[in-house]
A.B. asks: 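Pasting a structure below so you can have a look.
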Amino acid sequence: MGRPVARRLQAAVAILALAAATGAVLSAPEAAAAAGSATGYATQNGGTTGGAGGQTVRATTGTQIHEALCGRADSGTPIVIEVEGTINHGNTTKVSGDSCNTAAGVIELKQISNVTIVGVGSGAVFDQLGIHLREASNIIIQNVTVRNVKKSGSPTSNGGDAIGMESGVRNVWVDHTTLEASGGESEGYDGLFDMKANTQYVTLSYSILRNSGRGGLVGSSESDLSNGFITYHHNLYENIDSRAPLLRGGIAHIYNNHYVKLNESGINSRAGARAKVENNYFEDSKDVLGTFYTDEAGYWQVSGNTLDNITWSSPGGTTNPAGPDMKSTTTVDIPYTYRADTAGCVPDVVSRTAGAGKGLKVSDGNCTPQTPTPTPTDPTPGPTDPTPPIGTNLSIGAGSDGSSKAAGTSYGDLRDGNPNTYWSPAGPTGSASIKWASATSVSTVVIREAADSTGAIEAWRLLNGDTGAELTSGEGAGVISFPRTSLRKITFEITGSTGTPRIAEFETYAG
């Protein structure tokens with residue numbers, strides 16, 4: 001349904017005011033890019049819509065991108081930033097404002113949400129300039145090229161990562177991008193697509209990653225295991241030494257990718273990571289799957305892959321290749337629907353769809369490229385799909401307990417970051433708690449119901465578990481805000497429900 005005339009006029013005035021403030025040139029409505037819809041794990045945890053339904057502005061410099069972010073009413077106001085031209089150090093400066101936290105020499109998406117950055121017109125190239133996401137959620141990056149970002153030498157940007165994410169990042173869709181370097185670490189480059197420090201629900205699709213020592217990682221060390229739920233599909237990895245990707249803990253779904261010239265190793269699953277690896281085409285490469293450079297094993301489920309001129313190292317020490325006879329060592333359940341192309345057509349369909357400037361074409365699941373369906377422009381999120389608050393979900397790594405639980409459920413499922421597991425009370429009412437070893441400041445709770453029981457929770461109370469005092473009360477699941485309180489235990493008490501209440505995630509934030 002279209003917005004009322006008064007709302008459309010208000011939106012138009014707001015867009016003109018933002019353009020005047022930032023110097024950005026507004027794009028005509030017919031020039032707006034059709035973003036399609038997010039896929040993979042980016043569809044979970046409430047979904048990823050970016051700036052859909054918000055203002056649309058045009059930027060031709062990095063400074064204008066920052067100005068557009070800083071010109072919003074607040075850090076969560078939706079915005080679509082259409083980018084054309086070359087973005088570099090010379091035209092990317094720090095901009096200040098209440099709705100942004102930017103820096104010079106990098107595109108900074110920090111402590112913000114609901115943003116789309118999309119290349120339009122003759123194309124968008126981020127030259128020696130990285131894109132950094134920190135404490136950000138609901139972000140789309142589409143149809144852009146990011147190249148030659150360095151961590152040493154001159155100029156440097158974003159720690160050498162083309163796109164890097166860290167610290168409580170949620171729901172990111174990176175699509176139809178070209179990420180490339182001109183060498184490895186000795187030449188000053190780092191990763192093309194890195195995620196660490198509690199980054200979850202990310203999809204990389206229809207993109208090209210090439211000419212780099214490191215394709216990308218999930219987890220910065222063997223102790224950084226709070227990341228996961230990442231999908232990689234229909235990407236080209238070409239002339240990459242290693243990390244295609246490197247997985248430390250978490251879950252990844254890797255399908256319909258074309259790998260060419262993986263020089264040292266490819267998919268490196270370690271430290272308990274689990275990867276579903278299906279219908280990929282591996283070509284002219286070495287050690288395309290396994291656990292490498294560590295004795296902390298990872299696991300994989302394999303099916304439908306094609307191996308074309310692949311060589312394998314002998315197992316031993318810190319080298320545990322999955323081949324030459326690749327067999328599954330785990331199972332991974334995928335919570336979303338998808339249609340995988342057969343591996344045999346992957347080189348052709350990826351060559352016609354992946355990367356910036358390909359018209360955002362996607363595969364139909366039958367090896368045929370097609371133009372995607374435009375994204376709805378005025379989404380109405382449901383009460384059980386709240387946008388996560390900015391910051392780290394403090395429940396990850398905490399403890400949990402509660403009243404009597406239903407058979408087959410677990411208190412730990414409240415805080416595992418997995419929307420497909422849940423805790424349920426033994427009856428229509430009950431309580432669940434998150435607890436910490438020391439006092440922790442909390443001001444926001446997000447209660448996410450399991451998909452098959454949305455709307456079951458009718459009435460609830462939120463309690464200070466240390467004192468029993470009521471923090472707030474209300475009806476229905478979703479985002480709950482209250483005055484910041486320092487406590488060691490917080491309790492969500494269900495006092496009324498229909499059907500069987502099931503809590504998939506009990507998230508806590510400092511605010």
Side-chain angles (χ1 to χ4, degrees), residues 38-45 47-48 170-173 193 195 198-205 215-219 222 224-235 237 243-257 259 265-282 287-292 294 296-307 320-323 325-343 346 365 396 408-410 412-413 415-422 450-452 504-505:
T39 56
Y41 273 114
T43 65
Q44 304 298 289
N45 192 45
T48 304
R170 291 290 185 278
N171 290 87
V172 178
W173 180 33
F193 193 70
M195 289 160 276
N198 194 21
T199 293
Q200 299 180 359
Y201 302 106
V202 176
T203 295
L204 175 66
S205 58
L217 58 75
V218 179
E222 309 297 68
D224 182 14
L225 304 179
S226 60
N227 311 280
F229 309 115
I230 316 297
T231 301
Y232 304 81
H233 74 89
H234 292 92
N235 303 300
Y237 285 79
R243 302 186 182 182
L246 164 61
L247 308 170
R248 291 182 169 113
I251 293 174
H253 186 199
I254 303 171
Y255 74 95
N256 282 163
N257 300 289
Y259 295 91
S265 62
I267 301 168
N268 185 353
S269 179
R270 54 200 275 187
R274 295 190 296 133
K276 185 166 186 175
V277 182
E278 60 176 331
N279 292 29
N280 300 284
Y281 196 101
F282 299 96
D287 287 343
V288 297
L289 173 64
T291 296
F292 306 104
T294 182
E296 296 194 29
Y299 309 95
W300 43 83
Q301 179 181 351
V302 293
S303 64
N305 300 290
T306 294
L307 304 180
N320 181 27
D325 183 18
M326 293 202 309
K327 294 181 179 179
S328 298
T329 60
T330 191
T331 58
V332 179
D333 294 325
I334 302 302
Y336 49 83
T337 59
Y338 66 100
R339 297 180 62 187
D341 296 305
T342 59
V346 164
I396 301 292
T409 69
S410 169
D413 291 335
R415 51 182 174 78
D416 62 356
N418 184 351
N420 301 302
T421 61
Y422 59 86
D452 59 354
E505 291 299 305

A.B. asks: Does the Asn280 side chain pair with the main chain of Asn257, one donor and one acceptor, at a distance under 3.5 Å?
C.D. replies: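 It does hold such a pair.
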A.B. asks: Ignoring hydrogens and geometry, is there a side-chain-to-backbone donor-acceptor pair from Asn268 to Phe292 under 3.5 Å?
C.D. replies: yes
A.B. asks: Rounded to the nearest 0.5 Å, what separates atom CG in Asn320 from atom OG1 in Thr291?
C.D. replies: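 It is 5.5 Å, given to the nearest 0.5 Å.
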A.B. asks: Side-chain contact test, heavy atoms from C-beta onward, threshold under 4.5 Å: evaluate it for His234 versus Asp341 and give yes or no.
C.D. replies: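 With C-beta onward as the side chain, the pair touches.
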A.B. asks: Find the distance between CD (Glu278) and OG (Ser328) and round it off to the nearest 0.5 Å.
C.D. replies: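 If we round to the nearest 0.5 Å, Glu278:CD and Ser328:OG are 10.5 Å apart.
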A.B. asks: Quick check for you: to the nearest 0.5 Å, what is the distance between Thr199 atom OG1 and Asp224 atom CG?
C.D. replies: 8.0 Å
A.B. asks: Just so I know, are the side chains of Val346 and Asn279 near enough to count as touching, which here means a heavy-atom distance under 4.5 Å?
C.D. replies: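 No; the side chains remain at least 4.5 Å from each other.
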A.B. asks: Can a donor-acceptor pair be found, under 3.5 Å and without considering hydrogens, that links the side chain of Asp413 to the backbone of Ala504?
C.D. replies: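 It does not hold such a pair.
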A.B. asks: Between CZ of Arg339 and OG1 of Thr39, what distance do you get to the nearest 0.5 Å?
C.D. replies: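 Rounded to the nearest 0.5 Å, the CZ-OG1 separation comes out at 14.5 Å.
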A.B. asks: Would you call the rings of Phe229 and Tyr201 parallel, tilted or perpendicular, taking 30° and 60° as the class edges?
C.D. replies: parallel
A.B. asks: What pair of heavy atoms forms the shortest contact from Ala343 to Gly304, and how long is it?
C.D. replies: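 Residues Ala343 and Gly304, closest heavy atoms: CB-O, 3.1 Å.
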A.B. asks: Are the side chain of Asn235 and the backbone of Leu204 linked by a donor-acceptor contact shorter than 3.5 Å?
C.D. replies: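 Confirmed, Asn235 side chain pairs with Leu204 backbone.
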A.B. asks: Kindly say whether Tyr299 contributes a backbone atom to a donor-acceptor pair with the side chain of Ser269 at under 3.5 angstrom?
C.D. replies: yes
A.B. asks: Rounded at 0.5 Å granularity, tell me how far OG in Ser303 sits from CE in Met326.
C.D. replies: 9.5 Å
A.B. asks: Under 3.5 Å, is there a donor-acceptor pair between the side chain of Thr48 and the main chain of Ala38?
C.D. replies: no
A.B. asks: With a 4.5 Å limit on heavy-atom distance, are the side chains of Ile254 and Pro245 in contact?
C.D. replies: yes
A.B. asks: Hey, what do you get for CG (Asn305) to CD1 (Ile267), rounding to the nearest 0.5 Å?
C.D. replies: 7.5 Å
A.B. asks: Checking Asp287 side chain against Pro321 main chain: does a donor-acceptor pair fall under 3.5 Å?
C.D. replies: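 A pair under 3.5 Å: no.
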A.B. asks: Would you call the rings of Phe282 and Tyr259 parallel, tilted or perpendicular if under 30° counts as parallel and over 60° as perpendicular?
C.D. replies: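 Plane angle under 30°, so parallel.
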A.B. asks: Identify, with sequence neighbours excluded, every residue that meets salt bridge (Lys or Arg N to Asp or Glu O under 4.0 Å) alongside Arg248.
C.D. replies: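 With sequence neighbours excluded, Arg248 shows a salt bridge (Lys or Arg N to Asp or Glu O under 4.0 Å) to Glu222, given in chain and number order.
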A.B. asks: For Val218 and Asn227, which heavy atoms make the closest approach, and how far apart are they?
C.D. replies: CG1-CB, 3.6 Å
A.B. asks: Compare all side-chain heavy atoms of Ile251 with those of Lys276 and state whether any distance is below 4.5 angstrom.
C.D. replies: no
A.B. asks: Quick one: closest heavy-atom pair of Ile334 and His253, and the distance?
C.D. replies: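 The answer is CD1-CG, 3.7 Å.
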A.B. asks: If I compare all heavy atoms of Met195 with all of Ile230, which pair ends up nearest, and what's the gap?
C.D. replies: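 Distance-wise, the nearest heavy atoms are SD-CD1, 3.6 Å.
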A.B. asks: Identify the heavy atoms of Tyr232 and Ala252 that sit nearest to each other, and give their distance.
C.D. replies: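 So the two residues come closest at CE1-CB, 4.4 Å.
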A.B. asks: Measure from the side-chain N and O atoms of Thr329 to the backbone N and O of Trp300, and report whether any donor-acceptor pair falls under 3.5 Å.
C.D. replies: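 Yes: the side chain of Thr329 pairs with the backbone of Trp300.
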A.B. asks: Between Thr231 and Tyr338, is there a side-chain donor-acceptor contact under 3.5 Å, judged purely by atom types and distance?
C.D. replies: no
A.B. asks: Can you check whether Asn198's main-chain N or O pairs, donor with acceptor, with Ser226's side chain at less than 3.5 Å?
C.D. replies: yes
A.B. asks: Indicate the atoms forming the closest heavy-atom contact of Tyr41 with Val202, along with that distance.
C.D. replies: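 It is CB-O, 4.1 Å.
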